[in-house]
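See below for the structure under consideration.
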Amino acid sequence: MRSVKVYEEAWPLHTPFVISRGSRSEACVVVVEIEENGVKGVGECTPYPRYGESIASVMAQVMTVIDALEKGLSRDDLQRLLPSGAARNAIDCALWSLDAHRQNQTVAHVLGVPLADTIITAQTVVIGEPVQMATRAKALFDAGAQLLKVKLDDHLISERMVAIRDTVPEATLIVDANESWKSEGLAARCQLLADLGVAMLEQPLPAEDDAALENFIHPLPICADESCHTRASLPSLKGRYEMINIKLDKTGGLTEALALAQQARSEGFALMLGCMLCTSRAISAALPLAEQVTFADLDGPTWLAVDVSPALNFTTGLLHL
């Protein structure tokens with residue numbers, strides 16, 4: 001018989017995290033622990049209001065399957081019992097963690113996935129005034145970040161991007177608009193980003209406006225984030241996006257994330273691996289996907305004033321394994 005615990009945690013950030021939807025000062029997560037025969041597995045998720053989630057709603061979802069979990073619910077059965085999203089992610093990752101700990105291995109080892117000693121991760125430049133963003137970009141680059149993810153809203157696009165590129169001419173830049181742009185003027189903005197050597201644009205339009213990307217000629221790759229959750233998302237992304245951003249909180253755990261990655265690659269999509277604001281527990285769960293992706297954006301724990309213990313070993317722009 002297993003024992004299951006579910007609880008919430010709030011982790012203060014050292015710096016406000018500002019994107020087009022607003023500013024956050026803490027990472028609020030839900031943790032699921034599953035213990036069996038003295039071995040414990042742990043999973044973490046970050047409920048996301050954009051997808052109608054809250055701490056309370058996610059904990060309530062988890063509670064609906066507690067009895068089944070205690071009686072030995074499998075990962076496969078879990079996929080049928082709960083929809084994709086944060087609650088299933090925490091449980092799914094806890095089950096993967098439990099299996100790995102039984103074997104005294106990491107999940108990547110259980111899956112037979114070799115991991116590099118270091119993973120290049122994007123470091124996020126949050127929204128601010130152009131000079132402020134350029135100063136932050138330079139500080140990150142000078143500290144070792146090779147890949148910078150620039151958050152934008154619908155204002156001061158050229159001013160911010162020109163200031164950043166002038167300050168860090170050698171950095172690899174990717175841009176995330178978090179659904180804040182409109183189709184009008186998108187072509188000009190894409191050309192501006194391409195002219196500045198930006199490597200990729202992530203989710204410029206609201207997911208419900210994806211039709212505007214049909215047959216839209218653009219000079220740099222566009223990545224689906226809010227528009228891509230599971231394998232069921234893929235048919236509507238064809239001809240609109242070149243890349244998808246896989247996040248375990250969207251897929252509902254590593255099980256579906258692995259299947260999504262395989263199918264997306266077979267259909268010609270490039271992959272990005274992303275995260276929410278989270279602790280090292282959540283990043284550890286996603287690591288088996290790291291070697292498949294073009295861009296890894298795993299800097300969530302680096303925004304925390306204090307990380308969970310034991311924490312992963314981050315330096316600016318790098319995750320050391």
Side-chain angles (χ1 to χ4, degrees), residues 19-21 48 50-52 79-80 82-86 88-89 92 113 122 147 149-152 154 172-194 197-276 286 288-298:
I19 66 171
S20 63
R21 291 193 187 93
Y48 202 41
R50 166 64 178 84
Y51 305 130
Q79 312 306 306
R80 293 186 284 272
L82 286 182
S84 60
R88 194 176 78 188
N89 175 34
D92 186 75
V113 176
L147 175 63
K149 181 173 182 176
V150 181
K151 293 286 190 177
L152 293 176
D154 200 34
T172 300
L173 300 181
I174 55 180
V175 165
D176 186 5
N178 284 114
E179 301 184 287
S180 65
W181 295 0
K182 298 179 174 63
S183 57
E184 297 82 7
L186 180 60
R189 288 180 176 181
C190 286
Q191 190 59 57
L192 168 71
L193 297 183
V198 172
M200 179 270 282
L201 169 61
E202 186 178 351
Q203 197 71 42
L205 305 179
E208 60 269 22
D209 293 343
D210 274 351
L213 298 176
E214 192 82 35
N215 302 315
F216 172 63
I217 298 172
H218 45 282
L220 77 169
I222 299 181
C223 177
D225 181 6
E226 287 86 349
S227 292
C228 183
H229 291 248
T230 66
R231 285 169 287 174
S233 304
L234 292 177
S236 66
L237 304 180
K238 289 182 178 178
R240 299 174 177 180
Y241 293 93
E242 290 74 46
M243 182 180 290
I244 63 165
N245 188 347
I246 298 175
K247 295 176 180 174
L248 301 195
D249 279 314
K250 293 188 302 176
T251 65
L254 180 61
T255 301
E256 173 61 24
L258 291 166
L260 171 60
Q262 181 178 13
Q263 184 168 328
R265 290 180 70 189
S266 73
E267 296 183 13
F269 291 97
L271 305 181
M272 178 179 184
L273 180 59
C275 68
M276 307 297 190
L289 291 157
E291 295 302 310
Q292 301 186 47
V293 304
T294 304
F295 299 117
D297 177 22
L298 304 176

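- Put simply, the side chain of Glu256 never gets that close to the backbone of Thr251: no donor and acceptor are under 3.5 Å apart.
- With rounding to the nearest 0.5 angstrom, the CZ atom of Phe295 is 10.0 Å from the CD atom of Glu202.
- In this structure, Gln203 contributes its side chain and Asn178 its backbone to no donor-acceptor pair below 3.5 Å.
- By the 4.0 Å N-to-carboxylate-O rule, Arg189 lies close enough to Asp154 to be salt-bridged with it.
- To the nearest 0.5 Å, atoms CG (Leu152) and CD1 (Ile19) are separated by 11.5 Å.
- Within 6.0 Å of atom CD in Glu291, more than 12 heavy atoms from other residues, nucleotides or ligands are found, so the atom counts as buried in its surroundings.
- Side chains of Glu226 and Lys250 form no contact here, defined as non-hydrogen atoms less than 4.5 Å apart.
- Here the CG atom belonging to Leu192 is positioned 10.0 Å from the CG atom belonging to Leu220, to the nearest 0.5 angstrom.
- Note that CG of Leu234 and CD1 of Ile244 are 5.5 Å apart. Values are rounded to the nearest 0.5 Å.
- Expressed to the nearest 0.5 Å, how far CD of Gln191 lies from CG of Leu186 amounts to 11.5 Å.
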Can you check side chain to side chain contact (heavy atoms under 4.5 Å, CB included) on Leu260 and Cys228, steps first, answer last? CA-CA 10 Å; Leu260 171 60; Cys228 183; 4.2 Å; yes
For a side chain to side chain contact (heavy atoms under 4.5 Å, CB included) check, start with the C-alpha distance between Leu173 and Leu193, then their side-chain angles and the critical distance, and finish with the verdict. CA-CA 9 Å; Leu173 300 181; Leu193 297 183; over 6 Å; no
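- We find the CZ-CE distance between Phe269 and Met243 to be 11.5 Å, quoted to the nearest 0.5 Å.
- Considering only heavy atoms from C-beta on, Pro219 comes within 4.5 Å of Cys190 through its side chain.
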